Amino acid sequence: MIIASKKFIAWKQFPITLFLASGFLIFLLISAIIPNAISTTDPYAIAPRHAFLSPDWNHPFGTDQSGRDILTRVIHGTRQSLLVGAGAVAISFSGGIVLGLAGGLGPQWLQKGIGAVIDVLFSFPALILALLFSASLGTGAGPLALAIGIAATPGYGKMVFSQVLSVRHSGYTEAARALGHTPFSIIHRHVLPNALRPLVVTATMGVGQTIVWAAGLSFLGLGAPPPTPEWGTMMSMGRDFIADAWWLTLFPGLFIVMTVLSTTILGRFLQRRFEGRPS
Amino acid sequence: MTKRLASQRMISRIGLSLGMLFASATLTFLAVRMMPGDPATIILGGAMANPTPGAVAAITREYGLDRPLIVQYGFYIWRLLHGDLGASFSQHLRVAEVLRQQMLPTLALASLSLLFAWALALISVFCTVRRGKVISSLGASFDISAAALPPFWLGIVLLWILAFRLHLLPPAGSSSLLSLIMPALALAIPLGGFLAQVTRESLEIALDQPFILSARMRGLSMGQVLRRHALRHALLPGIALSAWALGALLGETAVIEAIFSRKGLGRTLVYAVSAQDMALTTGIVLFVTVAYILASLVIELIHEMVDPRLATSRRRKTS
């Protein structure tokens, strides 16, 4: 009886939303790696006679102005969206760690200098930065990820910076220094793990936010060019037909919403785990 | 003593503001110069316009494009230091004139969105916090879901429902106040969800503080405690984020104004960037930076009003 009730409590720590979120993310991963396993039709195959079909059993998400199946295109667009999201987060994450560590651990002048640079860049609207950079880097998934990655770097840098500073002046670091540990081992054993742990959460949630930005820039025509199945581009194309064919825009956007929601739920769960608070 | 420290704070703030303006000008210069294509040809309408070599050479000389990049950059900064934003070649107008024409719709949209966002956040948090497990978690899920909505998608969905299905609001334009509601909602709902998450968290923490318990013991009702004691604490993190939020909103107007075919800076910026109009892009980016600097000044004053400890501690430290 006691064992059973303990098990029940353990399961309660994993709420149902977490399962749904993880399930959806796994589904997205499969669609990104092997889209043909989920949808076998060709995302580019046009069928003018079947244009603007509203959602039904054959086309659960309907068809677009050229008769292409929206569900197929959304599934095939996952790879591009996830790649841009993960790529941009990887870029801003590494950039932020370099900036934050150099500023937080370096000498006084470097600390002040990097602190000022981060403050200046952080306050700049990231979407405008991304817009400027993506216009100069060119269109396509790679440049888009790079532009958004650069634009989001100050935010991550600010976070690592303040984390490193607070860990550096914490009691346990002082204690380790008093015990005579070398600077390298202090950084390796105390500063890095404690400063970077909160970033795992931020990065998880960051993928979702990045996908929103990428879709926004694609929407402005800075992403993949039109026939490509990409969520932002699909919405941008569908906007012209919104009065009569809402499904062109609704479903790609719904996938973005669900992706952001899933990464947020997963991120918040990880956060509570790390902070040791009950969810 | 007090005076000296107050002036030091002033100096560091002015320094940060100048740094921001300088960084925005430099980043814009680099980004626009990095864009593909020959600047002189682009000024003349691009390769499609097929300009004569003589015209290209004339423009190159007129804009100083034959000089080294660093010299061009020097002239660029020098002109900006004299307050000369230059003329936009794509709009055939002075940049200051374009800004004057386009700023009001965008500023109105961004501030109304911030207002809506705060209203939504406060309603969501104060109606659902500590009202039993079901209602609280419903409120929290509402915040998270709202924050997950991409503004441009929300804009299109609102357009479809409110304008084309229910015919409640005009679908496009920037003439009436009614046409402001939908774009403002599209920007406000995700931001409101975000502010609500932040406020909810700090309100939960504030409600666990001993002074809340003592206020309850003195016989205040939960509503009174929320209003008189917890509210100030809960608002602070959200207020601190508001200047940043206004900057982000100004950036997001780029997409929203395109969807609702509204006049404004965001749409003009997208246009300027795609036309590689250096002067206009710089003008708008600098304008947004100035707006952010002013907003953060106002926000700091509000922050001190809501949290008197800030002003007191500063005075105590300095005396």
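To find a chain, count down the sequence lines: A is the first, B the second, and so on, and within it residues start at 1. This is a predicted model, so every value here is computed, not measured.
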Margin query: I'd like to verify something: which residue of B:Phe164, B:Trp160, B:Phe22 has the highest number of heavy-atom pairs under 4.5 Å with chain A?
Written below: B:Trp160
Checklist line | Which atoms of B:Trp244 approach chain A - backbone, side chain, both or neither, heavy atom under 4.5 Å | finding: side chain
Check: How close do B:Pro150 and A:Ile256 get, heavy atom to heavy atom, and via which atoms?
Finding: CG-CG2, 3.6 Å
Next item on the list: Can you check whether anything in residues 272-286 of chain B gets within less than 4.5 Å of chain A, heavy-atom wise, and list it by number?
Entry: B:Val273, B:Thr281, B:Val285
Next item on the list: Can you measure from CG (A:Leu137) to CE (B:Met34) and round to the nearest 0.5 angstrom?
Entry: 5.0 Å
Item checked: Engaged part of B:Val288 at the chain A interface, taking heavy atoms whose separation is under 4.5 Å -> side chain
Check: Which word best sums up how the rings of B:Phe152 and A:Phe219 line up, parallel for under 30°, tilted for 30 to 60°, or perpendicular for over 60°?
Finding: tilted
Next item on the list: Please state whether the side chain, the backbone, both or neither of B:Leu30 comes within less than 4.5 Å of a heavy atom of chain A.
Entry: neither
Check: What is the minimum heavy-atom distance between A:Val212 and B:Pro151, and which atoms define it?
Finding: CG1-CD, 4.4 Å
Checklist line | Interface residues of residues 257-266 of chain A facing chain B - non-hydrogen atoms under 4.5 Å apart | finding: A:Val257, A:Val260, A:Leu261, A:Thr264
Note to self: Can you tell me which portion of B:Thr289 sits under 4.5 Å from chain A's heavy atoms? Options are side chain, backbone, both or neither.
What the structure shows: side chain
Next item on the list: Check whether any side-chain heavy atom of B:Thr28 sits under 4.5 Å from a side-chain heavy atom of A:Leu132, and report yes or no.
Entry: yes
